[in-house]
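Have a look at the structure below, then the notes.
For clarity, every value in this text was computed on a predicted model and none was experimentally measured. Sequential numbering from 1 along the given sequence is applied to the chain's residues.
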Amino acid sequence: LDACRKAQFQRYSYASTVYVYSREGGFYRCSKQAAEHYVEEYQRVHGLDYTILRYGSLYGPRSDDRNGLWRIVKTALDTGKVCYEGSPEAMREYIHVEDAALASISAMGEEFKNQHVVLTGQEPMKVEDMLKMLSEILDISSEIKFTEPQHLGHYTRTPYAHQSTIGRKFTPPLHVDLGQGLLELIEYVMANVNLSDKSDRINLAN
């Protein structure tokens, strides 16, 4: 923020999360919330305008083992089983990384100055429905396995249990279909990650 002010930048964009004012999210939520406060206070004191971008459940190419969908796809390709760490009732709003990138560029518009912008998928979706879609694509017939999350702060429904600062949701008019996005992610993982010998049992369904 200091560097942007000294360089006379017109606006500072900060990548936050939809977790930021939820009751869940653990220390990740705390760090994002504190950072948002710094950005807002800096604007009040020094006049450096901002746009805060609150991203939802991102997925797509160039992700790695820090990404939830990447880990699910990698495990499915390795073991022939679709597993999820969390509740069957969990809801997410998945957004493809390309949609998020295009929306982030749009958020540079004047109408988003000093605004909090929520960038998520088109509509909430049960994680179980996404997992069934993945099973069908990979032609996996075994039952989807749900396990208890190993970390605190993992939300079940949505991250919107509490919102202190309301964000404007921005949804691009065109978006990557989740099924097509999963196919792209599967192909990316298969091409860029070392899989176990069991992976040769997995073939993309026609």
Side-chain angles (χ1 to χ4, degrees), residues 15 17-19 22 24-26 28 54-104 118-160 169 171-206:
T17 174
V18 291
Y19 268 127
S22 76
E24 308 295 340
Y28 178 69
R54 293 174 176 168
Y55 293 98
S57 299
L58 288 159
Y59 77 99
R62 298 176 65 183
S63 53
D64 55 30
D65 60 3
R66 294 170 294 181
N67 180 264
L69 264 180
W70 185 98
R71 293 194 300 272
I72 292 170
V73 168
K74 169 66 163 52
T75 299
L77 291 170
D78 260 340
T79 67
K81 298 178 181 179
V82 176
C83 305
Y84 178 71
E85 190 179 285
S87 167
E89 298 302 314
M91 301 283 290
R92 296 291 183 271
E93 292 188 66
Y94 295 105
I95 180 169
H96 192 276
V97 64
E98 291 180 9
D99 292 335
L102 291 172
S104 300
V118 176
L119 302 178
T120 63
Q122 297 291 309
E123 59 186 28
M125 180 181 194
K126 286 188 68 172
V127 171
E128 186 174 19
D129 291 336
M130 181 278 297
L131 297 175
K132 289 178 180 176
M133 185 184 300
L134 179 63
S135 296
E136 183 178 341
I137 292 171
L138 293 176
D139 196 22
I140 295 174
S141 59
S142 60
E143 185 177 348
I144 297 168
K145 182 180 179 182
F146 292 89
T147 59
E148 289 295 323
Q150 298 178 358
H151 57 281
L152 296 175
H154 190 88
Y155 64 90
T156 299
R157 298 296 294 179
T158 74
Y160 303 113
K169 182 169 179 175
T171 304
L174 298 175
H175 65 280
V176 176
D177 173 75
L178 180 59
Q180 293 298 314
L182 284 174
L183 274 170
E184 183 183 33
L185 178 58
I186 291 165
E187 291 170 356
Y188 173 80
V189 173
M190 292 179 73
N192 293 278
V193 179
N194 290 325
L195 302 172
S196 71
D197 292 338
K198 295 179 182 179
S199 64
D200 60 3
R201 295 184 300 151
I202 300 297
N203 294 301
L204 296 183
N206 291 329

**Request:** Determine the minimum heavy-atom distance between Glu98 and Val176, stating which atoms define it.
**Result:** OE1-CG2, 4.4 Å
**Message:** Taking the side chain as everything from C-beta on, heavy atoms only, tell me whether Tyr94 gets closer than 4.5 Å to Val127.
**Reply:** yes
**Asked** Do Glu93 and Val18 touch side chain to side chain, with heavy atoms closer than 4.5 Å?
**Response** no
**Item:** Between CZ on residue Arg54 and OG1 on residue Thr120, distance to nearest 0.5 Å
**Value:** 12.5 Å
**Complete:** The reported gap from CD in Glu128 to OG in Ser135 (rounded to nearest 0.5 angstrom) is 10.0 Å
**Message:** So Lys74 and Leu77, do their side chains get closer than 4.5 Å, heavy atoms only?
**Reply:** no
**Message:** I want to check something: taking the side chain as every heavy atom from C-beta on, are Val193 and Asp65 in contact at a cut-off of under 4.5 Å?
**Reply:** no
**Item:** Residue pair Ala100 / Ser104: nearest heavy atoms and the distance that separates them
**Value:** O-OG, 2.6 Å
**Prompt:** If every non-hydrogen atom of Gly80 is compared with every non-hydrogen atom of Ile140, which pair is closest and at what distance?
**Reply:** O-CG2, 3.2 Å
**Phe146 side chain reached by Ile144 side chain, heavy atoms, under 4.5 Å** = yes
**Complete:** When rounded to the nearest 0.5 Å, the distance separating CG of Asn67 from CG of Leu185 is 7.0 Å
**Item:** Distance in Å, Lys81 NZ paired with Glu143 CD, rounded so as to fall on 0.5 Å steps
**Value:** 11.5 Å
**Message:** Within this structure, what is the CE-OG distance for the pair Met125 and Ser57, rounded to the nearest 0.5 Å?
**Reply:** 12.0 Å
**Asked** Which is it for Asp129 and Met133 under the side chain to side chain contact (heavy atoms under 4.5 Å, CB included) test, yes or no, and what are the steps along the way?
**Response** CA-CA 6 Å; Asp129 291 336; Met133 185 184 300; over 6 Å; no
**Asked** Are any side-chain N or O atoms of Arg92 and backbone N or O atoms of Pro124, one a donor and one an acceptor, separated by less than 3.5 Å?
**Response** no
**Request:** Can you measure from CG (Leu178) to CD1 (Ile95) and round to the nearest 0.5 angstrom?
**Result:** 12.0 Å
**Prompt:** Would a 4.5 Å heavy-atom cut-off, applied to side chains only, mark Cys83 and Thr147 as touching?
**Reply:** no
**Message:** I need the minimum non-hydrogen distance between Asp64 and Arg66, along with the two atoms involved.
**Reply:** OD2-NH2, 2.7 Å
**Request:** Please report the closest heavy-atom contact between Ala15 and Tyr55, naming both atoms and the distance.
**Result:** CB-CE1, 3.7 Å
**Request:** Using atom types as modelled and distance alone, determine if a side-chain donor or acceptor of Ser63 lies under 3.5 Å from a backbone N or O of Tyr59.
**Result:** no
**Message:** In the structure I gave you, are the side-chain heavy atoms of His96 and Glu184 within less than 4.5 Å of one another anywhere?
**Reply:** yes
**Message:** Do Leu134 and Leu69 have side chains that approach each other closer than 4.5 Å (heavy atoms only, starting at C-beta)?
**Reply:** no
**Prompt:** Donor-acceptor pair, Asp99 side chain versus His175 backbone, under 3.5 Å?
**Reply:** no
